[in-house]
Number of protein chains: 2
Amino acid sequence: MGEATIRDVARRAEVSVASVSRALNGLDNVRAETRERVIKAANELGYVPHAGARSLSLARAHAIGVVLPDLHGEFFSECVRGMDREASRRGYLLLLSNMHDDSDQAAVALRAMRGRVDGLLVMAPHIAPETLEHAIPPALPSVMLNSHADLPGRPALRFDNRAGAEAMVEHLVANGYRHIVHIAGPEGNLDAAQRAEGYLAVCARHALPPRILAGDFNEEAGEAAARTILASNTLTDAVFAANDMMAIGCLHTLRSAGTGVPEKIAVAGFDDVPLARYLSLSTVRVNIAEMGARAVGRLIDLLEGKDLSRDSETFTPELVVRATTAPRTAPKDGAAHA
Amino acid sequence: MGEATIRDVARRAEVSVASVSRALNGLDNVRAETRERVIKAANELGYVPHAGARSLSLARAHAIGVVLPDLHGEFFSECVRGMDREASRRGYLLLLSNMHDDSDQAAVALRAMRGRVDGLLVMAPHIAPETLEHAIPPALPSVMLNSHADLPGRPALRFDNRAGAEAMVEHLVANGYRHIVHIAGPEGNLDAAQRAEGYLAVCARHALPPRILAGDFNEEAGEAAARTILASNTLTDAVFAANDMMAIGCLHTLRSAGTGVPEKIAVAGFDDVPLARYLSLSTVRVNIAEMGARAVGRLIDLLEGKDLSRDSETFTPELVVRATTAPRTAPKDGAAHA
DNA sequence: GCGAGTTATGTAACCGGTTACGGTTTGCCG
DNA sequence: CGGCAAACCGTAACCGGTTACATAACTCGC
C-alpha cells in the first residue's frame with residue numbers, strides 16, 4: 001500500500017540509507033557506481049522522497065504560507081498568480097488559507113501553518129495590528145501585505161492608496177469637476193480608509209465640499225449610491241468610488257437613469273479590473289501580481305538570509321485616465337445634477 | 001530561537017510527553033487536573049504543535065494538493081475560491097502549485113507534494129492521460145478536473161463542454177443564423193476540442209457549412225478572427241467563440257469596424273466571465289467554483305473512506321442568452337457579411 | 001488489609017528522512 | 001609490502017510528534 005521509503009531503496013540497492021540519501025541529494029562523497037545503483041533502485045521502486053519527513057529533519061519545508069482575506073475576482077487571482085510565479089521559480093510551494101474576515105479563524109489558520117511552512121505572507125487589512133501580532137507564531141518570518149501598521153521585524157509591502165486617490169481626485173479637479181462625491185469602502189478596511197483620506201485631502205486643498213456615501217466594495221453599493229445621488233438635491237458632477245466594482249454599479253445606474261457619463265456626471269474607480277477597460281472607466285491601477293511576487297521574493301530572501309534589511313516597501317499606483325472622466329464641457333460651474 | 005516543542009511543555013507541566021499529547025488532543029484518559037496543568041503550560045510557552053511532525057506520525061497531513069494549469073483571471077480565482085471554501089470547512093489546507101503547460105515541470109510539482117498532502121486535485125486539460133498517470137504518485141488518492149480520459153481509480157469531474165456548445169449553436173440556429181463561424185481554442189486543449197465538437201455536431205445536424213478559425217483563448221485571437229472574417233468573402237452571420245475572451249475581442253473589432261452586433265453578425269462566447277454581462281454577450285455559464293468545491297468534497301470523502309464509489313461526475317453548463325445573439329431580423333437568408 | 005479491576009501515567013518505538021561520527025576500503029608512497 | 005591519508009560507507013541519533021505497552025496508583029468489595 002504505502003509508497004516506497006528510503007529504506008526500501010537502500011535494501012534494493014544493497015547499501016545503507018545514508019548512502020541513498022547522499023546519492024539522491026547529489027552529495028559528492030559517493031562513488032559513481034554506488035550512485036548509479038541507488039538511482040536505478042529508486043527508479044525501479046518509483047521512489048519519491050517524503051517531503052514531510054525531509055522537512056522535519058532539515059527544519060526546512062520549502063513552502064510558504066499565504067493567508068488572504070476574502071478577495072474578489074481578479075484581485076485574488078492576480079495576487080496568487082504573482083506569488084506562485086515567484087515561488088515556483090525559486091522552488092517553493094504555496095500553502096493557501098483564506099481567512100474569512102474573522103480573527104479567531106485567522107488565528108487557527110495561522111497556527112495550522114506551524115511546521116509546514118518556513119514563512120508567512122499575510123494580508124489582513126481588516127484585522128487590528130495587536131490581534132495580528134498575537135496570532136502569528138513569533139518565530140515564523142513573515143511579510144505583511146497591505147496591513148495596518150508595521151509589525152516589528154516583519155517587512156510590510158503596501159501600495160499607496162492615499163496617493164492613488166489623491167491623483168485621481170486631482171485629475172477630476174483639473175478636468176473641471178467641483179462637486180465630487182466619494183463612495184467609500186467597508187468600515188474598518190484599511191485600503192478603503194486610505195482612499196477616503198486621499199479624497200478628503202484633495203477636497204480640503206481646493207476648498208471643495210466633501211461628501212461621502214457609505215459602500216462595501218460591491219457593485220450593489222455603487223448602484224445604491226447612484227440612486228442616492230439622483231434622488232438628492234445636492235449638486236454632484238463627479239463620483240469617485242473606492243473601487244471599480246462600485247464605480248461600475250454606479251455608472252450603470254446613472255446611465256440607465258438617463259444621466260450621461262461623463263457629460264452630466266463623471267465616474268472614476270480604483271483597482272483597474274479588466275472590466276474597467278471595456279467600460280472606459282477611469283481608474284487607478286495597482287499591480288497586485290507584481291506586489292505578490294515581490295512579497296514572495298522578499299520573504300524567501302529573508303528565509304535564506306539574503307535580505308537583512310527589514311524595510312517596508314510602498315508601491316505607487318498609476319492613474320489610468322479613460323473616457324468616464326473626460327474634461328468637463330458644460331459651463332465652469334453650471335448645474336450638474338440638482 | 002526555535003519554538004517550544006511538546007517536550008518543553010511536558011517538562012514545564014511536570015508530566016510525560018504522552019500526557020501532553022493526550023491532554024491537548026482531547027483524549028479522555030487524562031485526569032482533569034493534569035489536563036489543566038498541561039494546557040496552562042502550553043499557553044505559557046505559546047506552544048503550537050508542529051504540523052509536519054504530527055502528520056509524519058499520523059500519516060495524515062490534512063492538506064490537499066492542487067495542481068492547476070495557467071488559468072486566466074476569474075477562472076482561476078473562482079476555482080480556488082470554491083476549493084478553499086470546502087477545504088477550510090472540513091479542516092483541510094490547500095497546497096497550491098501551478099503547472100506551466102510543461103509536463104516535466106508538472107511531474108516535479110506532483111512529486112513535491114508527496115508527504116505533504118493526503119490527496120491531489122489535478123486539472124490538466126492539456127496533458128496526455130498516460131503522461132499524467134505516470135506522473136501522479138500512484139498511492140495518492142486524487143480527483144481529476146476536466147482532464148482527458150478517466151484514469152483508473154481516480155474520479156473525474158468535468159463539465160459537459162460539448163453539450164454547452166451544442167446548446168449555444170442550437171440557440172443561434174433557432175434565432176435564424178445560418179453561417180456560423182467557430183473560433184477554436186488552443187490545439188490540444190480538451191475543453192476547446194469538445195466545444196468544437198459540439199459546434200460541428202450542430203452544423204452537421206442542420207446541414208450547415210462549418211468553418212473554424214484558429215484561436216488560443218486570448219482576446220487577440222478573437223480580434224484576429226474578426227479581421228479574418230471581415231476580410232474574407234465568405235458569408236458569415238454569427239460567430240461562436242470557444243471562450244468569452246475571444247468573443248469579446250471579436251465583438252470589439254467587429255463593432256470598431258462598423259459591423260453591427262448582432263444586426264450584421266451575432267457573437268457568442270463560453271464561460272460567462274463577469275465581463276460578459278456588461279457587454280451583453282451571450283455565453284455558456286460554467287459554475288467553476290461549485291465544481292472546485294465539489295471536487296474537494298469528493299476527495300475528502302475518498303480520503304476519509306466515506307465515498308467508495310469512484311464515479312465521475314459531469315456538470316452541465318447553462319445557456320445564458322443576452323443581446324449579442326438577438327433573433328436575426330434581416331431576411332432569412334439575406335446577405336450578412338460578404 | 002488484600003487482591004482484582006480500573007484508570008492515569010510513563011517509557012520507548014516509530015513515522016521517513018538527514019547527518020555526525022567512526023570504521024572500512026582504497027590508493028599511493030616509500 | 002607496510003603504513004597513512006583520503007575516499008567511501010554504515011550505524012545510530014535526531015527532528016517533533018503519536019501511541020502500544022508496561023507500570024503505577026487508586027477504588028472497591030470482602
Side-chain angles (χ1 to χ4, degrees), chain A residues 1-38 41-42 45-63 111-118 137 139-140, chain B residues 1-38 41-42 45-63 111-118 137 139-140:
Chain A
M1 179 63 231
E3 306 261 315
T5 75
I6 197 174
R7 292 171 223 268
D8 299 325
V9 178
R11 199 157 23 242
R12 183 171 250 260
E14 299 181 296
V15 296
S16 73
V17 292
S19 291
V20 174
S21 179
R22 288 188 278 250
L24 295 182
N25 288 317
L27 300 218
D28 56 356
N29 52 349
V30 180
R31 220 170 7 137
E33 188 250 328
T34 306
R35 187 188 306 274
E36 276 171 28
R37 268 225 314 287
V38 169
L45 291 173
Y47 170 70
V48 180
H50 188 288
R54 191 147 202 275
S55 73
L56 183 58
S57 72
L58 287 177
R60 229 51 185 42
H62 275 274
R111 307 203 109 78
M113 297 268 175
R114 154 95 213 270
R116 285 188 216 265
V117 302
D118 300 326
L140 265 189
Chain B
M1 177 65 231
E3 306 263 315
T5 76
I6 197 175
R7 294 174 221 266
D8 299 325
V9 178
R11 198 156 23 241
R12 182 174 251 260
E14 299 181 292
V15 295
S16 73
V17 292
S19 292
V20 175
S21 178
R22 288 189 278 250
L24 295 182
N25 288 317
L27 300 219
D28 56 354
N29 51 349
V30 182
R31 213 160 22 122
E33 189 252 327
T34 307
R35 188 189 306 275
E36 276 171 28
R37 267 225 312 288
V38 167
L45 291 173
Y47 171 70
V48 179
H50 189 288
R54 190 147 201 275
S55 76
L56 181 57
S57 72
L58 288 178
R60 231 46 189 42
H62 275 274
R111 306 203 110 79
M113 298 268 176
R114 155 97 212 272
R116 283 190 220 264
V117 302
D118 300 327
L140 265 189

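Proteins get letters first, then strands, A, B, ... in listed order; numbering begins at 1 in each.
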[X] [atom1] - [N] [atom2] separation (whole Å):
X	N	atom1	atom2	value
A:Arg11	D:dC9	CZ	C1'	18 Å
A:His62	C:dG17	NE2	C1'	14 Å
B:Glu14	C:dT9	CD	P	13 Å
B:Asn25	C:dT9	CG	P	15 Å
A:Leu27	C:dG17	CG	C1'	13 Å
A:Leu24	C:dT19	CG	C1'	15 Å
B:Asp28	C:dT9	CG	P	12 Å

Identify whether any heavy atom of [X] sits under 4.0 Å from a base atom; if not, whether one sits that close to sugar-phosphate; answer base, sugar-phosphate or nothing.
X	value
A:Ser55	nothing
B:Ala18	base
B:Ser21	base

- Rounded distance [0.5 Å steps], CD1 in A:Ile6 versus CG in A:Leu45: 12.0 Å

- Message: Once rounded to the nearest 0.5 Å, what's the spacing between atom OG of A:Ser16 and atom CZ of A:Arg11?
- Response: 12.5 Å

Without swapping roles, check the side chain of [X] against the backbone of [Y] for a donor-acceptor pair under 3.5 Å.
X	Y	answer
A:Arg35	A:Leu27	yes
B:Glu3	B:Val48	no
B:Arg114	B:Leu140	no

Ignoring hydrogens, what is the shortest heavy-atom contact between [X] and [Y]? Give both atom names and the distance.
X	Y	result
A:Arg37	A:Glu14	NH2-O, 3.6 Å
B:Leu56	A:Ala53	CD1-CB, 3.9 Å
B:Ala41	B:Ala13	CB-CB, 3.8 Å
B:Ala112	A:Ala51	O-CB, 4.0 Å
A:Thr5	A:Tyr47	C-CE1, 3.6 Å
A:Ala61	A:Arg116	CB-O, 3.1 Å

- Task: With axes from five pairs an end, tell me the bend angle of the helix from C:dG1-D:dC30 to C:dG30-D:dC1, nearest 10°.
- Result: 50°

Looking at [X], does any N or O in its side chain come under 4.0 Å of the phosphate oxygens OP1/OP2 on [N]?
X	N	value
B:Arg31	C:dT9	yes
A:Asn29	D:dC9	no
A:Ser19	D:dC9	no

Pick out the pairs of N or O atoms, protein on one side and nucleotides 13-16 of chain D on the other, that lie under 3.5 Å.
| residue | atom | partner | partner atom | Å |
| --- | --- | --- | --- | --- |
| D:dC15 | O2 | A:Ser57 | N | 3.4 |
| D:dG16 | N7 | B:Arg7 | NH2 | 3.3 |
| D:dG16 | N2 | B:Ala53 | O | 3.4 |

Using the 3.5 Å cut-off, write out each protein N or O paired with an N or O of nucleotides 25-27 of chain C and the distance between them.
none

With a 3.5 Å cut-off and sequence neighbours excluded, list the donor-acceptor pairs that the side chains of residues 18-26 of chain A form with protein atoms.
| residue | atom | partner | partner atom | Å |
| --- | --- | --- | --- | --- |
| A:Ser21 | OG | A:Asn25 | ND2 | 3.4 |
| A:Asn25 | OD1 | A:Arg54 | NH2 | 2.9 |
| A:Asn25 | ND2 | A:Ser21 | O | 3.0 |

When you compare the protein's N or O atoms with those of nucleotides 4-6 of chain C, which come within less than 3.5 Å of each other, and at what distance?
none

Just the atom pairs and distances: protein N or O near nucleotides 23-28 of chain D's N or O, under 3.5 Å.
none

